[in-house]
Amino acid sequence: MEERPSPSYSPSQVEAKWQRIWEERGANSFSTEELRGSRSPYFNLMMFPYPSAEGLHVGNIYAFTGADIHGRFQRLQGHDVFEPIGFDAFGIHSENFALKHGTHPMDLIPANVANFTRQLRRIGGMFDWDHSVDTTAPDYYRWTQWIFLKLFEAGLAERKKAPVNWCTSCKTVLANEQVEDGRCERCDATVEQRVIAQWFFRISDYSQRLLDNLDHIDWSESTRKAQANWIGRSEGARLVFPVAGSDDVIEVFTTRPDTIFGATYMVLAPEHPLVERITASSHREEVRAYVDRVAAMDVVSRQKTAGEKKTGVFTGGYCVNPATGTEIPIWIADYVLAGYGTGAIMAVPGHDERDFEFANEFGLPVVRVVAGPGEDADTPLEEAYTDHDAGRMVNSGRFDGMSVAEGKAAITADLAERGRGEKQVNYQLRDWCISRQRYWGPPIPIVYCPDPECGAVPVPERDLPVILPRVEDFKPDDDGVSPLARVESWYSVDCPACGAAARRETDVSDTFLDSSWYFLRYPSVGDDAIAFDPGITRRWLPVDSYIGGNEHAVLHLMYARFITMALHDIGLLDFEEPFTRFRAHGIIVKDGRKMSKTRGNVVTPDPVIEEFGADTFRLYLMFLGPFTEGGDYRDDGIRGPLGFLRRLWDTVLRAADNDADPDPRLEGQLHRTIEQVTRQIADLQYNTCISGMMEYLNAVRAGGRRPARAEIEPVVLMVAPFAPHIAEELWERLGHEGGVFGRARWPEYDAEKARRRIVKLAVQVNGKVRGTIEGPSEMSREDAEALAREQENVARFLQNGSVRRVIYVPGRLINLVVG
RNA sequence: GCCGGGAUGGCGGAACGGUAGACGCAGGGGACUUAAAAUCCCCCAGGCUCAGGCCUGUGUGGGUUCGAAUCCCACUCCCGGCACCA
């Protein structure tokens with residue numbers, strides 16, 4: 001038969017055509033009725049981007065493509081897949097950009113959003129553009145403010161003075177999470193501490209639940225570990241030390257109550273409230289100097305001192321060790337943190353490295369109260385002995401001889417009986433400060449009334465949104481006052497409670513609040529009467545699949561869990577975990593290094609898509625490496641996937657009118673490929689799905705034979721999640737109507753057809769491969785051994801001994817063990 | 001220091017404890033072409049070789065096993081996160 005050359009593959013034409021068709025059909029958009037009535041809902045979520053002026057970067061496209069493939073696969077499985085995308089457009093980032101380039105954020109953001117939208121459409125994601133959000137739109141942040149009010153009503157929002165991280169350059173408060181190595185994560189300036197009244201969400205109340213639920217959600221292991229770590233649960237005891245010659249007591253938290261007999265001194269954090277009262281007048285000057293010196297340090301230098309020599313000062317005061325009854329000196333040192341536990345510790349230099357170091361520095365006594373194997377009560381301590389498991393208690397009165405675990409329980413119980421302590425669990429998780437002294441965020445909906453009867457009054461729901469006014473001069477100044485505090489016409493309002501002249505809260509809220517609930521909003525977008533419709537929410541949430549970067553392991557993902565839990569407790573949601581399944585994707589690097597402007601190794605996606613098409617680009621990104629691990633981008637590597645799509649195109653066109661039965665051997669491989677791809681695509685192992693399809697296509701094309709349509713049709717379906725445009729085009733050219741993502745279903749594999757009938761076995765002698773044999777897959781051990789022995793090379797290695805043992809793994813190998 | 005994740009050809013990466021290097025890139029050779037592009041075919045871990053094979057090889061050193069990239073123990077180095085958290 002004479003072969004006609006097939007018309008060549010033109011990505012741009014194919015992609016423009018199908019994007020238009022999807023758009024016309026509303027293929028990816030749900031109506032409200034469809035959302036209400038879906039019988040097989042699947043909420044496929046990805047982390048919405050910040051719409052930067054630079055446009056989508058490769059990392060965005062990588063993440064969205066991986067998530068979109070998952071969504072498209074679920075669609076082919078027959079689910080109604082809701083795949084929204086939106087814009088996380090508030091925050092310091094765009095404000096800084098706006099300041100630098102003189103563009104107002106209110107002008108900048110819409111332009112960026114338009115550009116992002118264009119790019120997102122171009123990559124062929126299955127996005128529901130009727131349900132997009134922009135966190136800076138009043139009809140979105142109105143509900144962000146509403147959530148604040150709900151938490152406020154529930155007592156989960158509170159205003160308190162607290163030391164906060166103050167960026168000396170951004171002139172704003174930073175969350176702990178935004179401080180890296182004592183520097184601002186954005187501008188790298190040093191960070192110092194300031195005390196300001198802030199709004200906090202009481203996330204720490206939820207520490208234990210946030211920790212416990214981690215066992216019940218299907219999340220990436222690394223993400224769960226990071227969250228557990230961040231919550232930082234530790235079990236121990238709160239112990240009470242009476243201050244000598246006073247009614248005051250000092251409480252400490254310790255995880256080692258068993259070592260209390262070795263507590264030879266006490267240390268308070270410089271910020272501890274009792275410092276003043278405990279300090280003897282003879283020591284006042286020294287103590288004050290030390291406390292002032294620490295207070296003046298910025299966070300960088302304070303952290304730097306962590307690795308260096310310990311500093312501290314004696315107060316002249318004493319307290320009583322409740323176990324030994326002896327008086328021990330009270331010191332002040334900055335190695336004790338004010339923000340954790342009680343801000344005071346009992347120092348046990350024998351069994352804590354930091355205390356040991358401090359005791360050596362200042363000549364304080366070191367007492368051994370735990371003896372390790374081969375040690376006794378008098379063995380000198382060269383360093384702190386911190387082992388929990390092997391030691392026995394010594395120098396501890398009637399507790400001597402107990403293990404550490406026994407001692408913890410016994411001493412805690414003993415002190416509790418005497419009113420000197422109790423078991424306690426502590427968490428490192430701190431309350432979430434949501435106040436920002438910035439401009440580009442949703443105003444916090446609170447009004448301060450001068451009448452103390454009113455105080456901080458929530459803005460009534462009917463008055464939401466509190467609109468962020470357009471302010472031309474939004475540059476923060478260094479007095480720590482929000483830019484909105486300069487706009488009197490905005491902040492001057494009547495008290496909602498009593499009508500007196502009052503003043504709005506002029507801080508805006510943290511961007512993480514916007515992103516802590518956006519997934520709740522998506523399916524209810526367009527409904528201006530409610531934040532999230534109960535019926536629709538019940539049907540679509542929690543989210544079935546969430547894919548995003550692990551850089552959000554402890555911030556966004558923790559806050560979203562907390563907000564969901566709080567809304568559940570308030571009675572607004574009937575679930576308490578927002579994301580049933582979360583998978584962290586990897587990072588794309590270039591030449592083994594992170595892409596960055598300074599390094600000059602940033603890949604700009606637009607020209608690549610222009611040249612090769614979105615399908616090839618998607619396929620290439622997924623082919624780079626395992627999706628959960630990322631990969632190394634190389635410019636010329638894209639030729640592989642391009643060639644694959646061209647060969648697929650050519651093969652399908654040549655096979656379209658060949659209704660012959662599939663070649664029996666190819667059919668086996670086809671079904672094995674379907675089995676493999678089906679299993680691996682569900683597991684996000686996209687790179688091996690692609691290589692599996694390449695391998696099969698190579699087999700179909702081998703020898704220049706004419707392919708049959710039945711041999712290639714299933715490949716079109718399997719490639720569809722990766723390269724949806726070309727798949728639609730080829731599907732149509734194969735004579736199907738209604739579209740791949742309309743009526744088609746993922747191919748089924750037939751285990752019987754997938755089974756190999758003739759197998760090739762490796763023949764080993766003593767574990768080393770000496771040949772191969774071929775035979776029916778159900779070949780008996782005896783037959784296999786006989787075939788193996790016939791091999792000349794095998795026989796040679798059997799000469800110097802007799803066969804002691806034969807290991808036969810059907811379908812794999814036969815191993816002759818010669819002794 | 002602690003918690004994750006890694007280390008396999010020139011490169012990205014494959015390998016239910018069972019023939020290491022699938023798939024692809026780069027490279028080399030060839031076909032077609034006036035030429036180029038495109039396409040197609042062959043080679044491609046290292047060493048030895050009587051050309052049949054043999055030896056060595058998955059960061060290092062041990063171990064378990066008929067058989068280890070894979071499991072166990074001890075290390076080295078790299079990447080990410082946390083870090084004076086009592």
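It should be emphasised that the depicted structure is a prediction, and the values quoted were computed from it without experimental measurement. Just so we're on the same page: letters track the sequence lines, and every chain starts at 1.
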Quick one: label [X] by what it contacts on the DNA or RNA (base, sugar-phosphate, nothing), any heavy atom closer than 4.0 Å.
X: A:Arg701; answer: sugar-phosphate
X: A:Phe797; answer: sugar-phosphate
X: A:Asn698; answer: sugar-phosphate
X: A:Leu624; answer: sugar-phosphate
X: A:Arg812; answer: base
X: A:Asn687; answer: sugar-phosphate
X: A:Lys768; answer: sugar-phosphate
X: A:Arg679; answer: nothing
X: A:Gln428; answer: base
X: A:Asn815; answer: base
X: A:Glu221; answer: nothing

Which listed nucleotide ([options]) is nearest to the side chain of [X]?
X: A:Ala762; options: B:A14, B:U19, B:G18; result: B:U19
X: A:Arg634; options: B:U19, B:G12, B:C25; result: B:C25
X: A:Arg770; options: B:U19, B:C55, B:U39; result: B:C55
X: A:Asp636; options: B:A26, B:U39, B:G13; result: B:A26
X: A:Ser691; options: B:A20, B:C54, B:C23; result: B:C23
X: A:Gln764; options: B:C84, B:G18, B:U39; result: B:G18
X: A:Asn793; options: B:A20, B:C54, B:A22; result: B:C54
X: A:Pro626; options: B:C66, B:A22, B:A14; result: B:A14

How long is the line joining [atom1] of [X] and [atom2] of [N], in whole Å?
X: A:Ile638; N: B:G12; atom1: CD1; atom2: P; value: 18 Å
X: A:Met266; N: B:A86; atom1: CE; atom2: C1'; value: 12 Å
X: A:Arg224; N: B:G81; atom1: CZ; atom2: C1'; value: 17 Å
X: A:Arg672; N: B:C16; atom1: CZ; atom2: C1'; value: 16 Å
X: A:Asp632; N: B:A14; atom1: CG; atom2: P; value: 13 Å
X: A:Ile807; N: B:A68; atom1: CD1; atom2: P; value: 12 Å
X: A:Leu813; N: B:A15; atom1: CG; atom2: P; value: 19 Å
X: A:Phe612; N: B:A37; atom1: CZ; atom2: C1'; value: 13 Å

Pairwise [atom1] distance for [N] and [M], with rounding to whole Å:
N: B:G5; M: B:G59; atom1: C1'; result: 16 Å
N: B:G57; M: B:U8; atom1: C1'; result: 10 Å
N: B:G9; M: B:G47; atom1: C1'; result: 15 Å
N: B:A45; M: B:G24; atom1: P; result: 15 Å
N: B:G67; M: B:A15; atom1: C1'; result: 16 Å
N: B:G46; M: B:A37; atom1: P; result: 27 Å
N: B:A38; M: B:G27; atom1: P; result: 12 Å
N: B:G21; M: B:A69; atom1: P; result: 12 Å

> What are the two closest non-hydrogen atoms of A:Ile203 and A:Trp432, and how far apart are they?
Replying inline: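 Taking every non-hydrogen atom into account, CG2-N, 3.7 Å.
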> What closest approach, in Å, do A:Pro270 and A:Val336 show between heavy atoms, and which atom pair accounts for it?
Replying inline: CD-O, 4.1 Å
>> Suppose we define a pair by two distances each less than 3.5 Å, Watson-Crick or G-U wobble; what does B:C44 pair with here?
In response: none
> Does B:A38 have a Watson-Crick or wobble mate here (both distances under 3.5 Å), and if so which one?
Replying inline: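 Its partner: none found.
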Side chains of [X] and [Y]: is there a donor and an acceptor less than 3.5 Å apart?
X: A:Ser220; Y: A:Asn550; value: no
X: A:Gln680; Y: A:Thr688; value: yes
X: A:Asn426; Y: A:Ser234; value: no

> Which residue lies toward the 5' end of RNA chain B, A:Ala226 or A:Thr772, if each is placed at its nearest nucleotide?
Replying inline: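 Going by which nucleotide is closer to the 5' end, it is A:Thr772.
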> Taking for each residue the nucleotide of RNA chain B bearing the nearest heavy atom, is the 5' side occupied by A:Ala344 or by A:Arg647?
Replying inline: A:Arg647
> Charged N to carboxylate O below 4.0 Å: is that the case for A:Glu774 and A:Lys760?
Replying inline: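 The answer is no: the pair does not qualify as a salt bridge.
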> Just checking, A:Arg561 and A:Trp219: is the charged tip under 6.0 Å from the six-membered ring centre and within 45° of the axis?
Replying inline: yes
> Between A:Arg781 and A:Tyr808, is NZ or CZ placed under 6.0 angstrom from the six-membered ring centre and within 45° of the ring axis?
Replying inline: no
> OP1 or OP2 of B:C25 sitting under 4.0 Å from any side-chain N/O of A:Arg639?
Replying inline: no
>> Syn if the chi torsion is within 90° of 0, anti otherwise; quick check, which is B:G9?
In response: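 Classified syn.
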